[in-house]
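One structure is given here, and the rest of the page talks about it.
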Amino acid sequence: MTIIRQQDLIDSIEDALQYISFYHPLDFIQALEKAYHREESKAAKDAIAQILINSRMSAEGKRPLCQDTGIVTCFVKVGMDVKWDKTNLTVQQMVDEGTRRAYLNTDNPLRASIVADPAGTRKNTKDNTPSVVHVDLVAGAEVEVMIAAKGGGSENKSKMVMLNPSDDVAAWVEKTLPTMGAGWCPPGMLGIGIGGTAEKAAVLAKESLMDPVDIHELIERGAETTEEKMRLDIFERANKLGIGAQGLGGLTTVVDIKIKTAPTHAASKPVVMIPNCAATRHVHFTLDGSGAADLKAPKLEDWPEVTFEVGEDTRRVNLDTLTKEGTQEWKMGETVLLTGTILTGRDAAHKRIQDMINSGEGLPKGVDFDNKFIYYVGPVDAVGDEAVGPAGPTTATRMDKFTDLMLEKTGIIGMIGKAERGPATVESIKKNKSVYLMAVGGAAYLVSKAIKKARVVAFEDLGMEAIYEFEVEDMPVTVAVDSEGSNAHTQGPAIWKAKIEELDSKLKS
């Protein structure tokens with residue numbers, strides 16, 4: 001019998017969530033470094049460079065890797081010979097208390113993203129609870145914990161299917177992955193659960209993402225099991241799609257494939273695929289009664305020395321003198337450095353603006369949208385002398401349904417976000433002679449360093465979804481959709497898929 005203190009689990013959860021907010025797992029960093037050196041697409045290589053630089057900066061500054069500090073998912077395996085020192089809290093309540101403390105930490109506040117009443121008012125719980133906890137009773141006298149903070153952009157791209165028993169899982173993944181777009185911030189991992197029932201397959205997929213990155217070791221030693229053979233097959237198929245970093249086209253779309261399986265009904269083949277993004281965050285620890293977990297800080301020298309080079313052809317723009325006519329010179333794929341004033345706004349702000357316009361109330365008072373860019377972001381709160389906390393882009397696709405309204409009724413001339421826009425939105429951008437710029441998802445702390453001043457100008461009650469005014473200096477973005485409707489997220493992957501096929505053909509011949 002082992003006595004485990006409730007406080008030790010609470011303290012360990014708090015420490016672990018702070019730890020993973022600013023430390024990438026080193027195996028993931030090493031996989032990204034391999035991808036960086038192998039990458040031949042300039043856009044993808046630059047994106048990976050920004051992710052790696054952001055990772056090192058976050059480790060040094062102990063600030064979040066991504067502004068979306070995630071929904072907490074925790075797997076707790078409790079030994080049958082464990083006894084808790086008190087019985088006043090459940091495991092769920094202990095994990096929630098640790099989560100609450102971690103997200104309200106004044107030295108490194110994490111963004112509270114959890115909303116209650118999801119089908120109705122969607123009111124923020126303010127402390128990122130409740131967490132999602134899976135408890136298993138297992139043999140032994142220890143408590144094993146695997147905890148992750150999963151961003152909404154990648155979680156939203158989860159896919160589930162009930163295949164026929166004879167259907168090919170790898171073929172389904174190959175067909176489905178391109179439909180997921182770039183909102184999951186590749187390069188990352190795919191977790192795949194096969195078997196059991198629908199909900200079991202989803203849990204298996206999520207748990208598989210807790211495993212270390214080891215695909216290259218598997219390639220070297222060779223596959224032995226069915227799951228290992230499938231991992232290699234899917235890894236090859238996924239990277240041949242040419243989706244690349246941030247969906248811009250390139251050689252590396254995934255750095256690993258993880259698979260867990262369970263026995264299933266003879267008539268069934270449930271499959272769930274869940275991507276992990278470029279802000280992969282998880283850690284494991286074990287409690288044996290000797291105290292809270294001791295999470296060792298990684299060495300900064302383990303991070304690669306990577307630089308993001310601004311080329312001579314980079315366009316520098318003064319946003320405060322920019323007009324719509326000026327943006328029409330920009331071409332898809334260009335790197336642009338933005339200096340001046342931008343506004344922010346994401347889901348809740350767009351919905352409120354729509355309601356105000358439709359009701360005849362008009363635009364929010366005191367906010368000048370004319371000739372401005374709107375940045376889709378929900379930043380982390382600032383600490384110390386920061387103008388704002390980590391402030392990377394959120395998935396732009398969610399704002400597609402508001403784009404016509406915003407371009408036609410507010411006076412904005414462009415938008416900044418991450419991932420692709422839908423076909424109708426690309427047409428709207430073309431029709432309105434606007435542009436859509438892409439910032440790198442997974443580089444939130446790096447982006448925040450370009451923001452010199454920040455203030456809330458409307459909808460303060462929305463918290464991180466309020467409208468801010470940012471003053472930025474040399475904020476790096478890529479022209480993803482230009483005023484002619486040329487679209488990097490369709491053209492880039494198509495080009496690189498063809499290049500990869502050509503390379504494979506040459507190797508085989």
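Only heavy atoms go into these numbers, but all of them, side chains included; no hydrogens, no water, no symmetry mates. Please read these numbers as outputs of a predicted model, since none were measured by experiment.
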So which heavy atom on [X] is nearest to which on [Y], and how close?
{"X": "V477", "Y": "L437", "value": "CG2-CD1, 3.8 Å"}
{"X": "Q67", "Y": "T394", "value": "NE2-N, 4.3 Å"}
{"X": "L338", "Y": "V336", "value": "CD2-CG1, 3.6 Å"}
{"X": "W303", "Y": "L52", "value": "CD1-O, 4.4 Å"}
{"X": "A444", "Y": "N54", "value": "N-OD1, 3.3 Å"}
{"X": "V272", "Y": "A205", "value": "O-CB, 3.6 Å"}

Check: Angle class for the W330/F373 ring planes (parallel below 30°, perpendicular above 60°, tilted otherwise)?
Finding: parallel
Note to self: So, using ring pair (Phe, Tyr, Trp, His ring centres under 6.0 Å) as the criterion, who are the partners of Y376 when residues are at least two apart?
What the structure shows: H350
Any donor and acceptor pair, going by atom type alone, linking the side chain of [X] with main-chain N or O of [Y] inside 3.5 Å?
{"X": "T395", "Y": "G153", "value": "no"}
{"X": "N276", "Y": "T280", "value": "no"}
{"X": "S448", "Y": "Y445", "value": "yes"}
{"X": "T69", "Y": "R111", "value": "yes"}
{"X": "E207", "Y": "L204", "value": "no"}
{"X": "T253", "Y": "G244", "value": "yes"}
{"X": "K159", "Y": "T176", "value": "no"}

Do you see a donor-acceptor pair shorter than 3.5 Å between the side chains of [X] and [Y]?
{"X": "T99", "Y": "N128", "result": "no"}
{"X": "T197", "Y": "E199", "result": "yes"}
{"X": "E420", "Y": "N487", "result": "no"}
{"X": "D96", "Y": "Q92", "result": "yes"}

Between [X] and [Y], does any side-chain N to carboxylate O distance fall below 4.0 Å?
{"X": "K499", "Y": "E40", "result": "no"}
{"X": "K206", "Y": "E155", "result": "yes"}
{"X": "K42", "Y": "D46", "result": "yes"}
{"X": "E465", "Y": "R346", "result": "yes"}
{"X": "R237", "Y": "D168", "result": "yes"}
{"X": "D117", "Y": "K123", "result": "no"}
{"X": "E473", "Y": "K452", "result": "no"}
{"X": "K431", "Y": "E408", "result": "yes"}
{"X": "D68", "Y": "K418", "result": "no"}

Check: Can the positive tip of K453 be found less than 6.0 Å from the middle of the six-membered ring of F470, inside 45° of the ring normal?
Finding: no
Next item on the list: List the steps, then state whether salt bridge (Lys or Arg N to Asp or Glu O under 4.0 Å) holds for D347 with R122.
Entry: CA-CA 12 Å; D347 310 67; R122 298 183 65 85; over 6 Å; no
